[in-house]
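All values below come from the heavy atoms of this structure, side chains included, with hydrogens, waters and symmetry mates left out. Note that the structure is a prediction, hence the values are computed from the model and not measured. Order of appearance sets the numbers: ligands from 1, and atoms from 1 within every ligand.
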Amino acid sequence: MKIDLKIPVKDLAYSITIGENLFPKIWEYLNKNFKNRKVIIFCDSTVEKLYAKKLQSTDKFSFTSKIISFPAGEKNKSTRVKEMIETKILKSGFDRKSIMIALGGGVTGDLGGFISATYYRGIPFIQVPTTLLAMVDSSVGGKVAVNHTAGKNLIGAFYQPAAVFIDLKTLSTLPQNQFLNGLGEVIKTALIIDKAFFQYLVNNREKILKRDIKSLTSIIYRSCSIKAKVVMKDEKESGFRKILNYGHTIGHAIESASQYKINHGFAIAIGINLENRIAYNAGILGYDDLITINNFLNLCGFNVDLPEKYSENQIISKFKYDKKSVSGVPRFVLLKEIGKSVYDVTIDKNLIIKSLF
Ligand SMILES: NC(=O)c1ccc[n+]([C@@H]2O[C@H](COP(=O)([O-])OP(=O)(O)OC[C@H]3O[C@@H](n4cnc5c(N)ncnc54)[C@H](O)[C@@H]3O)[C@@H](O)[C@H]2O)c1
């Protein structure tokens, strides 16, 4: 299955291919579009063991390729590790005629993409996401970045990949908490814009949680299509793309307050519930939708309440670092109903507190 994603900036266009056993197709693509380039296979230490050699061994065109890896983990999405990798790549003789395959989760895609954006002022890169989160979210849309001690993703660029290959087979080794991590983003995507998609998730919950390939193909295809449409309308997030941040104002605050011990997707699930409570208390979202979403998140295995140990100040003080905040005042993306959202909503602080605790 192939989705053609066109980004209407600088005549960019790229394809997202979804399927099983796609590694040979990646080399075919490279042979057709980037013949004679040297290939950096960039991955973290976990994916290196699982898939890097496998990918390298499917090259029937004798590309010059090298596996370059970094220790797995969000803390390595940093300028320090970026520089270390750049030194390794330079020392390995990769020049401006090189291309990178970013093979792995969102950390690998964000870090590898940002290295590609700046290496010799930019070399092409291909996203080969291996976590559900990276498949449905981070590999599409061209945001690449590293974290700074002051906050997540603060140093980065908009840099679109040349192509995205989503090989569903790689999901077979993904731990369940990482799978749920990605499912949180899938649910978010459905809720903001596509009621029928949300209904599909509800109707097929058990199959999805068992990673039935047909259901996975469907949810990844739909999530990528939606993200592609949103990005096509607003690549640089000046307006409409903000809806993708639904659940994230509070979700990011929780991630940060927990010092990233609560995984992104789990924090987003809590964020969805609490932002829905805000929308309900503000008279924007109806009670039935609030409860339907809550029940569904619970059935998927998410705990949607704010852990008691967090104080009002711990959460609210984080809002000023939210990228959507204006002069420290948060701008929420809120649901009007399942499948319909509004962005740039300001909410009275007392109503936020009432909804959170
Ligand atoms: N660029 C964007 O638009 C965007 C959007 C959402 C999230 N992100 C970023 O994505 C990152 C999170 O991505 P993530 O959740 O994929 O994290 P990750 O890349 O750290 O992957 C999670 C863990 O799963 C392991 N892993 C990866 N694939 C595997 C597989 N097939 N089998 C077994 N283990 C595997 C990794 O080694 C890692 O330990 C964050 O840094 C976040 O900021 C970016």
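- The shortest heavy-atom distance from Lys227 to ligand 1 is under 4.0 Å.
- Closest to atom 28 (N) of ligand 1, if we only count protein heavy atoms, is Thr130 OG1, 2.7 Å.
- Among Thr173, Asn76, Val107, the residue whose heavy atom sits closest to atom 33 (C) of ligand 1 is Thr173.
- Checking only distances, Thr170 does come within under 3.5 Å of ligand 1, N or O to N or O.
- Contacts between Asn147 and ligand 1 below 4.0 angstrom, taking non-hydrogen atoms only, are absent altogether.
- Applying the 4.0 Å criterion to heavy atoms of Tyr51 picks out, from ligand 1, the atoms 31 (N).
- Residue Gln178 touches ligand 1 through its side chain alone, judged by heavy-atom distances below 4.0 Å.
- In this structure the side chain of Ile243 reaches within 4.5 angstrom of the side chain of Ser341, judged on heavy atoms.
- Counting heavy atoms from C-beta outward, Ser355 and Leu274 have side chains that stay 4.5 Å or more apart.
- Atoms of ligand 1 lying under 4.0 Å from at least one heavy atom of Gly105, given by number and element, are 16 (O), 19 (O).
- Here's the thing with His264: none of its N/O atoms is less than 3.5 angstrom from an N/O atom of ligand 1.
- If you check which protein heavy atom lies closest to atom 14 (P) of ligand 1, you get Gly106 N, 3.5 Å.
- Under 4.0 Å from ligand 1, the heavy atoms of Asp110 that appear belong solely to its side chain.
- Using modelled atom types and a 3.5 Å distance limit, the side chains of Gln56 and Ser65 yield a donor-acceptor pair.
- When hydrogens are left out, the protein atom nearest atom 7 (C) of ligand 1 is Leu133 CD2, 3.7 Å; that is the closest non-hydrogen contact.
- Atom 4 (C) of ligand 1 has as its closest protein heavy atom Ser138 CB, 3.2 Å.
- Looking at atom 25 (C) of ligand 1, its nearest protein heavy atom turns out to be Thr46 CG2, 4.4 Å.
- A distance-only check finds no donor-acceptor pair linking the side chain of Thr346 to the backbone of Arg331 [under 3.5 Å].
- Between Lys195 and Asp289, none of the side-chain N atoms (NZ, or NE/NH1/NH2) sits under 4.0 Å from a carboxylate O, so this pair counts as no salt bridge.
- For atom 40 (C) of ligand 1, the closest heavy atom belonging to the protein is Glu74 OE1, 3.1 Å.
- Ring-plane geometry between Phe332 and Phe319 is classed as perpendicular, the angle between the planes exceeding 60 degrees on a 0 to 90 degree scale with a lower cut at 30.
- Remark: the Thr58 side chain and the Lys25 side chain contain no N/O donor-acceptor pair separated by less than 3.5 Å.
- For atom 42 (C) of ligand 1, the closest non-hydrogen atom on the protein side is Lys152 NZ, 3.6 Å.
- Here the protein heavy atom with the shortest distance to atom 1 (N) of ligand 1 is Lys143 O, 2.8 Å.
- Within the listing of ligand 1, atoms 15 (O) sit less than 4.0 angstrom from a heavy atom of Asn181.
- Tyr119 OH to Ile115 CD1: the interatomic distance, rounded to the nearest 0.5 Å, is 10.0 Å.
- At distances below 3.5 Å, at least one donor-acceptor pair connects side-chain atoms of Ser225 with backbone N or O atoms of Tyr221.
- Side-chain contact annotation: Asn153 with Lys77, donor-acceptor N/O pair under 3.5 Å present.
- Taking only non-hydrogen atoms, the option from Thr131, Asp44, Leu50 nearest to atom 27 (C) of ligand 1 is Thr131.
- Atoms of ligand 1 found under 4.0 Å from any heavy atom of Asp137, numbered from 1 in the order shown, are 5 (C), 6 (C).
- Using modelled atom types, one side-chain atom of Gln160 and one backbone atom of Gly142 make a donor-acceptor pair closer than 3.5 Å.
- In this structure, the side chains of Asp194 and Phe198 stay at 4.5 Å or more apart for every pair of heavy atoms.
- Contact annotation for Glu185 and ligand 1: no heavy atom of the residue comes within less than 4.0 Å of the ligand.
- Note on ring orientation: taking the six-membered ring where Trp is involved, the planes of Tyr29 and Phe165 are perpendicular (angle over 60°, cut-offs 30° and 60°).
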